[in-house]
Amino acid sequence: MRQPLNRRAILAGLGMAGLQTYAPRAQAAAHQPAYLAPVRADPGRIRRITVCARPFRAAGPRLEVETVGDKRVVHNYGHGGSGWSLSWGSASLARGLALEGGTPRCAVIGCGIIGLTSALKILRSGVATTIYAAERAPFTRSVRATGVWSPDSRLAASDAVAPGFAARWEAMARDSMEEHRTFVGSPGYPVNVMDMYTLRAFADQQQAVGPYPSPGRIPFVSYAERVAGLRSIARPLSRSEHRFPVASASVTARMTFDVMTYADQLMDTFQREGGVIVTRRFNHPGELSELTEPVVVNCTGYGARALFGDLSLVPVRGQVAWLPAQPEVNYALIYNAVIMLPRSQGILVQALGPSRMVGYGLDDETPDWSEAASAVGMISTLFA
């Protein structure tokens with residue numbers, strides 16, 4: 001069984017210095033292979049496949065105000081593969097825009113991670129808040145995310161962002177990290193810090209798994225150096241410190257999200273603190289006039305392309321294969337561009353592909369069995 005975490009000790013360890021203060025488990029037993037429960041990675045055990053279209057905008061997330069009829073609409077969408085990572089910081093900015101000038105009531109459209117965090121931030125400012133959404137949190141695209149803290153993952157294009165965007169991004173990333181830390185060690189482990197092993201195959205074992213990249217090249221932003229203090233430093237492992245059949249290995253501490261559990265907790269907290277959730281689908285911006293709230297925060301993600309006609313939104317397809325849960329597996333790994341991540345709902349396996357152009361421009365959310373089987377098969381070679 002997974003051992004209980006000392007939440008106070010972990011929070012103290014994370015502290016203001018960032019995740020860099022957390023020592024990977026392998027450091028505590030230098031020169032001794034850490035015991036890692038084997039993953040039962042058999043393609044025949046795949047129990048489901050989930051697919052989602054990440055909402056990429058070359059200019060980055062849309063955080064701005066627009067007047068639609070008699071409503072003041074605050075847009076908060078388009079975070080690419082960084083929605084979970086930037087959610088709280090983005091929500092803080094959206095709250096500032098929504099409450100500018102004062103308002104007694106506010107509506108939020110969307111019940112994914114961006115909608116939930118925005119609604120909670122506004123509600124906790126003393127404003128009556130209602131979420132309107134066609135789907136509740138467990139059924140949104142948000143819960144199909146990989147769930148690793150990756151605040152600049154396919155977030156924007158370096159040749160399209162406005163001046164000052166990098167600084168704004170850094171503020172969102174740091175703000176979000178502070179909020180995420182408060183959930184570490186909470187019941188259900190919505191946020192966890194676990195060892196992630198990066199494994200490099202021998203030359204004759206290297207092979208491409210998963211989908212081919214889309215044509216073209218987008219100069220995706222990379223801001224890792226701006227938040228270096230928030231990331232753990234990878235430590236190379238000697239051959240005696242691991243049992244994987246690979247050429248080399250390293251380990252680092254990574255913040256991960258059990259996205260279903262996290263979303264459920266945020267939704268429950270929002271309602272417990274007085275927020276209201278109403279099931280409703282919007283097909284046209286004009287329908288916002290039917291709401292009684294004077295301010296509306298639009299957190300519809302990729303759905304904003306159809307609802308608000310934002311053609312700058314580009315889908316980036318991502319697929320995850322799910323194996324049955326193994327509570328004894330308490331680490332993550334990346335091997336040959338395939339990631340394995342344990343969650344309470346099951347073992348997540350995803351083919352990341354050979355470049356960040358994988359899935360770009362694809363909105364087909366039909367599961368691809370061969371892609372899933374190849375990814376799981378690659379992980380199985382580590383435990384043969």
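- For the pair Arg280 and Glu290, the salt-bridge criterion is met [side-chain N within less than 4.0 Å of a carboxylate O].
- Distance alone, capped at 3.5 Å, is enough to place a donor-acceptor pair between the Gln265 side chain and the Pro187 backbone.
- The hydrophobic cluster containing Trp149 also contains Tyr223, counting ILVMFWY residues as joined when their side-chain heavy atoms lie under 4.5 angstrom apart, directly or transitively.
- For the residue pair Ser90 / Asn76, a side-chain donor-acceptor distance below 3.5 Å is found, with atom types taken as modelled.
- The aromatic ring centres of Phe220 and Phe56 sit less than 6.0 Å apart.
- Contact of the Trp369 side chain with the Ile46 side chain is registered, since non-hydrogen atoms from C-beta on lie closer than 4.5 Å.
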*side-chain contact (heavy atoms from CB on, under 4.5 Å) between Leu382 and Leu333, worked out*: CA-CA 10 Å; Leu382 296 171; Leu333 58 82; 3.8 Å; yes
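- Listed for the Arg254 side chain is no donor-acceptor partner under 3.5 Å among the backbone atoms of Val193.
- Residues Thr252 and Ser232 bring a donor and an acceptor atom of their side chains to less than 3.5 Å of each other.
- With respect to Arg57 and Asp310, a salt bridge is recorded, a charged nitrogen being found less than 4.0 Å from a carboxylate O.
- Using a 4.0 Å cut-off between charged nitrogen and carboxylate oxygen, Glu170 and Arg174 count as a salt-bridge pair.
- If you check the side chains of Glu287 and Tyr132, you find no donor sitting under 3.5 Å from an acceptor.
- Residues Pro213 and Pro354 meet the side-chain proximity criterion, which asks for heavy atoms closer than 4.5 Å.
- The six-membered or imidazole ring of His180 lies near that of Phe257, with a centre-to-centre distance under 6.0 Å.
- With a 4.5 Å cut-off on side-chain heavy atoms, Val358 and Tyr212 do not count as touching.
- The two residues Leu120 and Glu273 come nearest to each other via the heavy atoms CD2-OE1, 4.2 Å.
- In terms of modelled atom types and a separation under 3.5 Å, the side chain of Asp42 and the main chain of Gly44 share a donor-acceptor contact.
- A donor atom on one side chain and an acceptor atom on the other are not found under 3.5 Å apart for Ser380 and Arg40.
- Contact check for Met267 versus Pro138: side-chain heavy atoms found under the 4.5 Å cut-off.
- The pair Glu371-Arg317 counts as a salt bridge, with a side-chain nitrogen and a carboxylate oxygen less than 4.0 angstrom apart.
- Taking hydrophobic clusters as Ile, Leu, Val, Met, Phe, Trp and Tyr residues chained together by side-chain heavy-atom distances below 4.5 Å, Val227 shares a cluster with Trp84.
- His75 has its ring centre less than 6.0 Å from the ring centre of Tyr77.
- With hydrophobic clusters built from ILVMFWY side chains whose heavy atoms lie under 4.5 angstrom apart, Ile277 does not share a cluster with Phe139.
- Atom-to-atom distance recorded for Thr182:OG1 and Trp88:CH2 is 7.5 Å, nearest 0.5 angstrom.
- Between Ser85 atom OG and Met172 atom CE the span is 11.0 Å, to the nearest 0.5 Å.
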*Show the numbers, then the answer: is there a side-chain hydrogen bond (donor to acceptor under 3.5 Å, both in side chains) between Thr279 and Arg136?*
CA-CA 8 Å; Thr279 301; Arg136 301 297 173 99; 3.2 Å; yes
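- The main-chain N or O of Leu291 is found under 3.5 Å from a side-chain atom of Lys71 such that the two form a donor-acceptor pair.
- Scanning all heavy atoms of the two residues, the minimum distance from Gly115 to Val108 falls at O-CG1, 3.7 Å.
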*Under the side-chain contact (heavy atoms from CB on, under 4.5 Å) criterion, do Tyr331 and Val39 qualify, and how do the steps go?*
CA-CA 10 Å; Tyr331 62 94; Val39 178; 3.7 Å; yes
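- The shortest side-chain heavy-atom distance between Gln205 and Tyr335 falls under the 4.5 Å cut-off.
- Under the 3.5 Å distance criterion, the side-chain polar atoms of Glu328 are left unmatched by any main-chain donor or acceptor of Pro38.
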*Any chance you could lay out the side-chain contact (heavy atoms from CB on, under 4.5 Å) test for Leu313 and Leu311, step after step, and finish with the verdict?*
CA-CA 5 Å; Leu313 275 170; Leu311 300 184; over 6 Å; no
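- Nearest heavy atoms, Ala41 versus Leu323: CA-CD1, 3.9 Å.
- Salt bridge present: Glu64 and Arg62 bring a charged side-chain N and a carboxylate O closer than 4.0 Å.
- Side-chain atoms of Glu241 and Ser238 form a donor-acceptor pair, as typed in the model, at a separation below 3.5 Å.
- Panel note: side chain Ser125, backbone Val127; no donor-acceptor pair is recorded below 3.5 Å.
- Arg45 places a side-chain heavy atom less than 4.5 Å from the side chain of Pro324.
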*asked:* Does Phe270 form a side-chain contact (heavy atoms from CB on, under 4.5 Å) with Ile131? I'd like the steps, not just the answer.
replied: CA-CA 10 Å; Phe270 174 71; Ile131 293 176; 3.6 Å; yes
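- Distance check: Ile233 CD1 to Ser250 OG gives 12.5 Å after rounding to the nearest 0.5 Å.
- Using modelled atom types and a 3.5 Å distance limit, the side chains of Glu135 and Thr140 yield no donor-acceptor pair.
- Of the listed residues (Ile339, Val338, Leu341, Ile334), just one forms a side chain to side chain contact (heavy atoms under 4.5 Å, CB included) with Gln350, and that residue is Ile339.
- Checked against Arg72 for a salt bridge (charged side-chain N to carboxylate O under 4.0 Å, His left out), the options Glu100, Glu66, Glu293 give a single hit: Glu100.
- Judged by distance alone, with hydrogens and angles left aside, the side-chain atoms of Ser214 form a donor-acceptor pair with the main-chain N or O of Tyr360 at under 3.5 Å.
- Expressed to the nearest 0.5 Å, how far CG of Leu93 lies from NZ of Lys121 amounts to 9.5 Å.
- The cluster map of Ile, Leu, Val, Met, Phe, Trp and Tyr, joined by side-chain heavy atoms under 4.5 Å apart, puts Val314 and Met357 in the same cluster.
- Panel note: side chain Thr261, backbone Pro190; no donor-acceptor pair is recorded below 3.5 Å.
- Of all heavy-atom pairs spanning Leu348 and Thr146, the tightest one is CD1-O, 3.5 Å.
- Counting heavy atoms from C-beta on, the side chains of Asp175 and Glu179 come closer than 4.5 Å.
- Checked by atom type, the side-chain pair Thr50/Trp322 shows a donor-acceptor distance below 3.5 Å.
- Between Phe244 and Phe383, the ring planes lie perpendicular to each other; the angle is over 60°, past the 30° to 60° tilted range.
- Asn330 contributes no side-chain N or O that, together with a main-chain N or O of Leu36, makes up a donor-acceptor pair within less than 3.5 Å.
- With hydrogens and angles disregarded, a donor-acceptor distance shorter than 3.5 Å links the side chain of Ser374 to the backbone of Ser370.
- Taking each heavy atom of Arg105 and Thr292 in turn, the nearest pair found is NH2-O, 2.6 Å.
- The line from CG of Asp152 to CG of Leu86 is 8.5 Å long, rounded to the nearest 0.5 Å.
- With values rounded to the nearest 0.5 angstrom, Phe282 atom CZ is found 10.0 Å from Asn298 atom CG.
- Taking the side chain as every heavy atom from C-beta outward, Met255 and Arg181 approach each other to under 4.5 Å.
- The two atoms that bring Ser87 and Ile113 nearest to each other are CB-CG1, 3.6 Å, heavy atoms only.
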